[in-house]
Structures are given as C-alpha cells and as structure tokens.
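No hydrogens, no waters, no symmetry mates; every other heavy atom, side chains included, goes into these values. In this chain, numbering begins with 1 at the start of the sequence shown.
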Amino acid sequence: MRGSVGFLLCSLLLALSGTEMADQADQSDPKMSCANWMGGAPGHPGHNGLPGRDGKDGKDGQKGDKGEPGLQGVKGDTGEKGATGAEGPRGFPGHMGMKGQKGESSYVYRSAFSVGLTERAPHPNVPIRFTKIFYNEQNHYDSSTGKFLCSIPGTYFFAYHLTVYMTDVKVSLYKKDKAVIFTYDQFQENNVDQASGSVLLHLSLGDEVWLQVYGEGNNNGVYADNINDSTFMGFLLYPDTDDR
C-alpha cells in the first residue's frame with residue numbers, strides 16, 4: 001500500500017515539473033528578439049594568453065651552400081718544439097759525383113845535391129867532375145862522371161858558382177848532350193874573379209845534367225884550392241806525380 005502511494009506521488013511531481021519547463025520555453029526573451037535584428041558593437045581584444053610549451057624539434061633541413069672564405073687570421077705564436085721523431089728508413093745511394101781535382105801527394109819526393117871542385121883546370125869539352133861532396137843523400141849525382149841523373153821527373157833548379165883564376169872561363173850547363181846556358185868571364189890579371197849561373201829545368205826520367213868547359217885555348221880558368229871553391233848544385237822543386 002505504501003509502495004503504491006509513493007509511486008503516485010513521484011509521478012505527480014514529474015508531471016508538474018514538465019509543465020513548468022514548457023511554460024518557461026514558451027516565454028520569449030525581449031533582449032534576444034532585439035539582438036536578432038540589430039548587431040552589437042565589437043568588444044575589446046583580450047589579453048595575450050600565456051606562451052605555449054616548446055614544440056618538438058623539427059627534422060633537419062637540407063645542407064646549405066658553401067660560404068665564402070673568411071679573411072686570414074693573425075699569425076699565431078710559435079708552438080713549442082715537438083719531440084724528435086723516429087729515424088726514417090735509409091735512402092737509396094745517390095749518383096756518383098764528378099771527379100774532384102787532383103790533390104797534392106802526401107809523399108815528399110826528395111832529390112838534391114851540392115858538390116865542389118878539388119882539381120884545378122878541368123879538361124875542356126867534357127863534364128867537370130866535382131868530387132867534393134857537400135850533400136848527395138839520394139846519390140842522384142855521380143861523382144865519377146860529374147853528371148846528375150834524374151830519378152824523379154819534375155822541375156829542378158840548378159846553379160853554379162866558379163872561382164876564376166889565371167885565365168878566362170867559358171862554361172856551359174848541359175842537358176841531354178845539349179848546352180842550355182853559357183857563362184863567360186874574362187880574367188883580370190892579378191885578381192880572382194867569380195863566374196856564376198842558374199836555371200830552372202824540367203827533367204824527365206833518365207835525363208842527365210852536367211857542367212863543362214867549352215871551346216879551345218885559354219878558356220879554362222876554373223879554379224879551386226883550400227880557400228877558394230867552385231861549386232855546382234841542384235834540387236827538385238816539385239815532382240810530376242802523374243809520371244810516377
């Protein structure tokens with residue numbers, strides 16, 4: 001019984017609510033009807049809203065064109081010296097260089113003599129035999145023949161200093177049977193004169209050099225005694241090493 005009464009009351013309340021809502025819908029709003037035929041003035045813009053959150057990164061774009069080179073910068077300071085690197089591999093031998101000039105020989109060639117006269121008035125037209133030996137260490141001068149024999153090809157210096165007494169003197173220095181230089185001294189009575197000569201000669205191996213009186217007659221005044229000497233000397237200046 002109570003259940004049926006409750007149901008009826010609920011149904012009645014619902015019916016009344018539906019009638020009020022219908023009446024409110026039928027009543028027209030005068031403002032709405034005015035707005036329908038006449039637009040209002042625009043309102044002021046609103047304030048900017050708060051910034052939104054960062055969006056996700058987009059995809060990489062295409063690579064741009066290469067730019068122009070920039071200006072050269074200022075030269076920087078010299079850096080510290082680096083550590084010495086490892087030794088590289090040995091290179092190939094280079095080409096043979098040009099032949100250098102020939103140097104002087106380290107061997108010293110010696111040839112020299114110095115001799116004097118012991119006999120007076122040597123025979124003319126034959127080599128004068130100087131038998132007083134002052135120096136003949138290499139034995140290139142032969143006192144038995146009066147000749148110097150060349151054992152080292154090269155350039156030699158020869159000189160003679162003769163005492164002239166009693167008569168005139170004519171002497172010549174020979175090389176290989178040919179007179180090279182001549183010396184003449186005219187004797188002055190009651191006086192002792194001197195005659196001398198010197199020469200540079202190039203000698204080949206086996207060449208001979210000597211001094212002799214030439215001509216006939218009174219031309220043999222070459223003299224020597226215990227206080228007067230007549231000497232003959234020669235020595236090598238420099239050798240021809242190519243010929244040895």
Side-chain angles (χ1 to χ4, degrees), residues 102-187 191-244:
K102 185 173 182 179
E104 296 183 359
S105 174
S106 59
Y107 179 80
V108 178
Y109 296 94
R110 293 182 174 88
S111 179
F113 72 96
S114 178
V115 292
L117 187 67
T118 55
E119 62 181 18
R120 302 177 183 179
H123 299 290
N125 299 317
V126 295
I128 300 174
R129 295 174 60 250
F130 294 87
T131 55
K132 183 188 291 187
I133 306 299
F134 300 111
Y135 179 88
N136 191 27
E137 186 175 339
Q138 294 81 34
N139 291 317
H140 293 166
Y141 172 80
D142 187 352
S143 59
S144 64
T145 62
K147 294 181 179 182
F148 170 79
L149 177 65
C150 176
S151 300
I152 303 173
T155 301
Y156 287 78
F157 174 78
F158 293 95
Y160 52 87
H161 301 276
L162 306 176
T163 299
V164 180
Y165 185 62
M166 300 294 291
T167 185
D168 298 344
V169 165
K170 290 183 180 180
V171 295
S172 59
L173 186 139
Y174 278 77
K175 170 190 171 183
K176 295 175 57 177
D177 295 324
K178 182 179 180 180
V180 178
I181 60 173
F182 299 88
T183 299
Y184 172 72
D185 181 79
Q186 187 174 17
F187 174 70
N191 194 12
V192 177
D193 292 339
Q194 296 289 327
S196 62
S198 60
V199 67
L200 283 174
L201 293 177
H202 180 270
L203 302 182
S204 299
L205 185 65
D207 286 349
E208 292 179 322
V209 176
W210 67 90
L211 196 67
Q212 75 178 38
V213 175
Y214 70 92
E216 302 293 340
N218 297 325
N219 296 319
N220 192 7
V222 179
Y223 180 83
D225 58 21
N226 58 343
I227 58 173
N228 295 283
D229 283 303
S230 292
T231 61
F232 180 37
M233 62 167 291
F235 57 86
L236 174 69
L237 286 178
Y238 51 88
D240 295 338
T241 55
D242 291 338
D243 295 337
R244 288 190 57 82

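Going from atom CG of Leu173 over to atom CD1 of Ile128 covers 10.0 Å, rounded to the nearest 0.5 Å. From Asp225, atom CG reaches atom OG1 of Thr163 across 7.5 Å, with rounding to the nearest 0.5 Å. To the nearest 0.5 Å, atoms CG (Leu211) and OG (Ser172) are separated by 7.0 Å. The distance from the CZ atom of Phe148 to the OH atom of Tyr156 is 4.5 Å, given to the nearest 0.5 Å. Atom CD of residue Glu119 and atom OG of residue Ser230 lie 11.0 Å apart, to the nearest 0.5 angstrom. For the atom pair Asn228 CG and Gln194 CD, the distance stands at 7.5 Å (nearest 0.5 Å).
For Arg110 against Gln138, the heavy-atom pair with the smallest separation is O-CG, 3.5 Å. Minimum interatomic distance between Ile152 and Ser111 (heavy atoms only, all atoms of both residues): CD1-CB, 4.3 Å. The shortest non-hydrogen separation linking Phe235 to Ala112 is CB-CB, 3.6 Å. For the residue pair Thr167 and Asn220, the shortest heavy atom distance occurs at CG2-C, 3.6 Å. Taking every heavy atom of both residues into account, Tyr160 and Ile181 meet most closely at OH-CD1, 3.7 Å. Here the shortest heavy-atom pairing between Ala195 and Thr183 reads CB-CG2, 4.0 Å.
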Point to revise | Trace of the side-chain hydrogen bond (donor to acceptor under 3.5 Å, both in side chains) decision for Tyr184 with Gln186 | key: CA-CA 7 Å; Tyr184 172 72; Gln186 187 174 17; 4.6 Å; no

Exercise for review: Apply the test side chain to side chain contact (heavy atoms under 4.5 Å, CB included) to residues Phe158 and Leu203: give CA-CA distance (whole Å), side-chain angles for both, the deciding distance (0.1 Å), then the verdict.
Suggested key: CA-CA 12 Å; Phe158 293 95; Leu203 302 182; 3.8 Å; yes

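Applying the salt bridge (charged side-chain N to carboxylate O under 4.0 Å, His left out) test to Asp207 and every residue at least two apart in sequence or in another chain returns Lys176. Listed by chain and residue number, nothing satisfies the ring-ring contact (aromatic ring centres under 6.0 Å, His included) test with Tyr238 (two or more places apart in sequence, or in another chain).
For the side chain to side chain contact (heavy atoms under 4.5 Å, CB included) test with Lys132, the passing option among Asp229, Leu117, Thr231 is Asp229; the others fail.
Using a 4.5 Å heavy-atom threshold, the side chains of His140 and Leu149 count as separate. Between Lys170 and Val213, every side-chain heavy-atom pair lies at or beyond the 4.5 Å cut-off. In this structure the side chain of Ser143 never reaches within 4.5 angstrom of the side chain of Val115, judged on heavy atoms. No side-chain heavy atom of Val169 sits less than 4.5 Å from a side-chain heavy atom of Tyr223.
Proximity of a side-chain donor or acceptor of Ser204 to a complementary backbone N or O of Pro153 within less than 3.5 Å is not detected. Using a distance-only test at 3.5 Å, with no hydrogens or angles considered, a donor-acceptor pair links the side chain of Tyr141 to the main chain of Phe130. Proximity of a side-chain donor or acceptor of Arg129 to a complementary backbone N or O of Ser144 within less than 3.5 Å is detected.
Summarising the local packing, OH of Tyr165 is surrounded by 12 or fewer heavy atoms from other residues, nucleotides or ligands at distances under 6.0 Å.
Between the side chains of Gln212 and Trp210, at least one donor N or O sits under 3.5 Å from an acceptor N or O.
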